[in-house]
Amino acid sequence: MSAPYNHIEIETKWRKKWEENPINVNDGKKPKYYCLDMFPYPSGAGLHVGHWRGYVISDVWARYKMMDGNHYVIHPMGWDAFGLPAENYAIQTGQHPSISTAANISNIKKQIDQIGAIRDWDMELNTTDPEFYRWTQWIFVQMFKKGLAYEKEMPLNWCPRCKAVLANEEVVDGKCERCGSETTKKNLRQWMLKITAYADRLLEGLNGLEWPEKVKKMQTDWIGRSYGAEVQFPVEGSDEKITVYTTRPDTLHGATFMVLAPEHELVSKLTTPEQKEAVEAYCAMAANKSSVDRVQNKEKTGVFTGTCAINPLNGAKVPVWISDYVLADYGTGAIMCVPAHDDRDFAFAKKFDLPIVQVIAKDGVEIPDMQEAYTEASGTVINSGEWNGMESSVLKQEAPAMIEKMGIGKKTVNYKLRDWVFSRQRYWGEPIPIIHCEKCGAVPVPEDQLPVLLPDVESYQPTDTGESPLAAIDEWVNTTCPCCGGPAKRETNTMPQWAGSSWYFLRYVDVKNREALVSREKADKYLPVDMYIGGVEHAVLHLLYSRFYTKFLHDIGAIDFDEPFRRLFNQGMILGPKGVKMSKSLGNVVSPDDMVRDYGCDSLRIYELFIGPPQQDSAWDERGIDGVNRFLNKFWNTAVVSIENKTEATPEMIRLRHKLISDITMRLDQFALNTAVSKFMEYNNQMQKIAQECGGVDLETVGTYVTLLAPFAPHICEELWERLGHTDSVFHEKWPEADKSLAADDVREIPVQLNGKTKAVISISAEASREEALEEGRKAVASRLEGMKIVKEIVVPGKIINFVIRK
RNA sequence: GCCGGUGUGGCGGAAUUGGCAGACGCAAGGGACUUAAAAUCCCUCGGGGGCAACUUCGUGUCGGUUCGAGUCCGACCACCGGCACCA
């Protein structure tokens, strides 16, 4: 009797119907809901079950929002096709990136279609499409005009394998975020974006976002705002001054030496002839150190310049040293050292035998024979002249203003965030729309000449010189200056992969616009993104850059909001069967294609959700899908039998219906999709039992179940909905509402405990009074109460009865 | 080192936020149907003890609060993730 349902027939049928009659239609009246996936880069490997999971989660959410609140759902898909992965794949396979990219897109698009998600392919976009990157370039030009894009020569992170510079965000533990190679420093002229100008707003904007706390914290730490003071130390026997940044101006009297970064501009000026050789050797060594060494080797090294400076507060002579534990590009590249109250300074002082002066007395007393720095800002200030006796935490707050008054420094705010290195020496990216003219300098390409097309090139292999392959195409490089008409050269660097992804979400709602990146009318109507779903790996890359772009576009009036993503959900990874990351090299990549064929899209969708909490990583277990498939078959059979037999509703069925609505809706709202599936299974087991007893379940209950399950398993639910006699799509059904009074059981099962341990379970009317409950409870455990004294009686209505007893 | 997160059966994981620990599913074992197999259906399934109704222990460890703790508090351990010489 119980044949498995024919998933191939049903899924084919409904795909075709939805294509002919789209279910998600914008009638201009419905409220919008923008549910966005992080768009993929079209790799040659195609999608694995991990990618699938994210898309299933977002589609369930999109369909739920479509039904609940009758939204027009914007749920588009596009291709992040520029950048190193696409280019490297092309080099490996010996084809032009445009060809391999197009082939990969068509393959992945087919795989994405298998998910059965609601997608409006009219909105499809591709970052390598000139009609798209014209606007990527346009944004750059606007930034240039506002002084936010600028050129600078400086030592930059260089990846020898990718043969390109990297942004700070792309260097992890001194290694290239993408390929894992150790990075080195290379002095190059590069384009920078002044993201630091938005540091405060990027920080404060986080407050209003419904994002995982973890991601907000990561961005907060990355921006790294700190408050303190800049203080000037005059150099002995010279007019020079050394400016330091400190967050602990309260310890200024304890500064017994200073350290400059090896790259600090005063190094050569301050070095005495006697120390010259040692200093130069040290600086050369520091320059050659790889980033990994510099990060990992914390043993302090350094060398004395031979010169002293004067502590501006107490006139003490402080020797000036050089060490690479001071970073050239943070603060002023120079620090005052208070070994008594800073771990690093303490280690340095111990190593080079420099004096240690305590200026904060912990609990009122100086620490004898100090073995480690006392770093807390709490205690009484000592050895500090007029500041003696103050509370250190108070002084820490007040010192910057006091220093400013004395004319020896000023109050300052500092950030860890650095400007964004924006140019790459690679072929497969958007050309930076700048022309270099000897007379006029860097001139932006006029807006009516955008896009600057990426030219065809014979060899797009990267070079080792730090020059882009584009530099070799003379006829492209040589041009005329838009300003003076004289001979000029094009900028040959391209933009990083992040350029297109920093704003693509704005474009979907107006992909064909040739006048603007998005019309104000459409932006106001459809943006920003309500729900953004993707992996956590972009916490400080894409998600920070997008926020920066959005704020900039807001400031120039292109859009009227300044945060792109109201809500963010990070789905966990699907790991290989042994709990390790899926990768081609480990050979543990699971493709969804065979499973869709064998079990159907609906089964795979539900298994992807059932495998574990959506925000958590889960290891793939190929056997798990059997259970889900069995569930759908059982449900199918119960529904089909019910439709045939048309059973009358019983109070039990009605109660089940309302409980189901409230259980599923609650879990959807909490994003607990795995337990939502469990609940469907649980209720299905109950319905199956009822059907065996009564010949079926009433059709209203079946219909409600089908409606609730539809976002999860759209094909099978549409089919059953039709068999229930409906002519319109189940997705045009209103999301059911539970009636609490109908969901409530009139008889409850309540545990009866003695001293907190359950000894019996009684069935009792929901309306029973405390006395009735106690009476029933006492009866249930009567034999155990003999010879005992009840000390206390606890009744929590509908939950528990507990007797505290004693001999 | 600092900041997060997690820790529950053979496995993935539940627990309405302090109220029957182990829902739901996988795997395993037993049975029914079948010539047989698959599919399906039924039963068992944390550990110890008992023929048995039952009993006892049990949510990383130790302690605390409470009538009652996986859940709250304190100390610790392990693993995972992020940051890491940012003055």
Side-chain angles (χ1 to χ4, degrees), chain A residues 1-4 172-174 212-215 217-218 220-222 224-226 228 244-248 251 255 258-259 261 294-300 323-327 329-338 341-345 347-348 375 414-418 536 539-540 579 607 610-613 615-628 630-631 633-634 637 662-663 666-667 670 672 674-685 688 692 749-761 791-796 798-805:
Chain A
M1 82 164 212
S2 44
V172 179
D173 286 338
E213 286 307 316
K214 181 186 172 177
V215 176
K217 180 83 169 43
M218 281 169 74
T220 304
D221 290 349
W222 190 260
R225 182 163 67 186
S226 69
V244 302
Y245 171 71
T246 178
T247 55
R248 294 297 302 277
T251 64
M258 303 180 80
V259 174
R294 197 162 166 163
V295 166
Q296 282 174 356
N297 188 358
K298 298 223 169 118
E299 180 70 28
K300 296 284 177 289
S323 173
D324 65 0
Y325 85 89
V326 175
L327 307 174
D329 57 354
Y330 179 76
T332 62
I335 60 168
M336 66 173 204
C337 298
V338 185
H341 304 291
D342 182 279
D343 292 326
R344 297 148 302 183
D345 299 346
F348 196 86
T375 56
N414 242 305
Y415 303 90
K416 289 189 198 175
L417 184 71
R418 313 288 152 85
V536 74
V540 287
Y607 182 54
F610 187 57
I611 192 166
Q615 69 283 356
Q616 191 180 298
D617 293 351
S618 298
W620 189 258
D621 178 358
E622 58 176 10
R623 293 173 303 199
I625 194 170
D626 284 321
V628 166
R630 270 174 218 145
F631 152 66
N633 277 323
K634 286 192 259 183
N637 285 310
S662 101
D663 271 345
M666 186 185 83
R667 280 171 173 78
Q670 294 171 349
N674 57 324
T675 53
V677 173
S678 306
K679 281 290 166 192
F680 276 122
M681 291 174 167
E682 214 176 309
Y683 283 100
N684 185 52
N685 291 342
Q688 202 175 11
Q692 273 159 17
E749 306 251 292
I750 294 180
V752 182
Q753 301 184 329
L754 296 179
N755 293 340
K757 299 205 169 182
T758 303
K759 297 295 174 187
V761 179
V791 182
K792 199 171 174 184
E793 292 166 332
I794 293 142
V795 180
V796 182
K799 292 237 163 126
I800 207 148
I801 297 168
N802 188 16
F803 298 107
V804 184
I805 55 172

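The structure presented is a predicted model; accordingly, all values stated were derived computationally and were not measured. In the text below, chain A, chain B and the rest are named by the order of the sequence lines, each starting its count at 1.
Among the heavy atoms of the strands lying under 4.0 Å from A:Ile611 are primed sugar atoms or P, OP1, OP2 only; no base atom is included. Here A:Gln688 lies in heavy-atom contact (under 4.0 Å) with sugar-phosphate atoms only. Backbone-only engagement by A:Gln616 is indicated by non-hydrogen atom pairs under 4.0 Å involving sugar-phosphate atoms exclusively.
By the salt bridge (charged side-chain N to carboxylate O under 4.0 Å, His left out) test, A:Lys217 is found to be paired with A:Asp221, residues two or more places apart in sequence or in another chain being considered. A:Ala539 meets the side-chain contact (heavy atoms from CB on, under 4.5 Å) test with A:Val215, A:Met218; sequence neighbours excluded. Under the rule for a side-chain hydrogen bond (donor to acceptor under 3.5 Å, both in side chains), A:Asn755 has no partner lying at least two apart in sequence or in another chain. Here A:Phe680 pairs with A:Tyr705, A:Phe712 under the ring-ring contact (aromatic ring centres under 6.0 Å, His included) rule; sequence neighbours left out. Residues passing the side-chain hydrogen bond (donor to acceptor under 3.5 Å, both in side chains) test with A:Asp345, sequence neighbours excluded: A:Tyr325. For the side-chain hydrogen bond (donor to acceptor under 3.5 Å, both in side chains) test, residues two or more places apart in sequence or in another chain that qualify with A:Arg225 are A:Asp200, A:Glu204, A:Tyr227. Among residues two or more places apart in sequence or in another chain, the side-chain hydrogen bond (donor to acceptor under 3.5 Å, both in side chains) test is passed with A:Tyr607 by none.
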Where protein sits on nucleotides 22-27 of chain B, one letter per nucleotide: B base, S sugar-phosphate only, - none, heavy atoms under 4.0 Å: -BBSSS

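The pair A:Arg248-A:Asp342 does not count as a salt bridge, with every side-chain nitrogen at least 4.0 angstrom from each carboxylate oxygen.
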Check: protein-nucleotides 2-4 of chain B nitrogen or oxygen pairs below 3.5 Å:
from  : atom 1 : to       : atom 2 : distance (Å)
B:rC3 : O2'    : A:Lys217 : NZ     : 3.0

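Nucleotide B:rC26 is matched to B:rG10 when pairs are restricted to Watson-Crick or G-U wobble geometry with both distances under 3.5 angstrom. Pairing for B:rA75 goes to B:rU61, judged as Watson-Crick or G-U wobble with the two contacts each under 3.5 Å.
A:Arg667 places its CZ atom 13 Å from the C1' atom of B:rG13, with the value rounded to the nearest Å.
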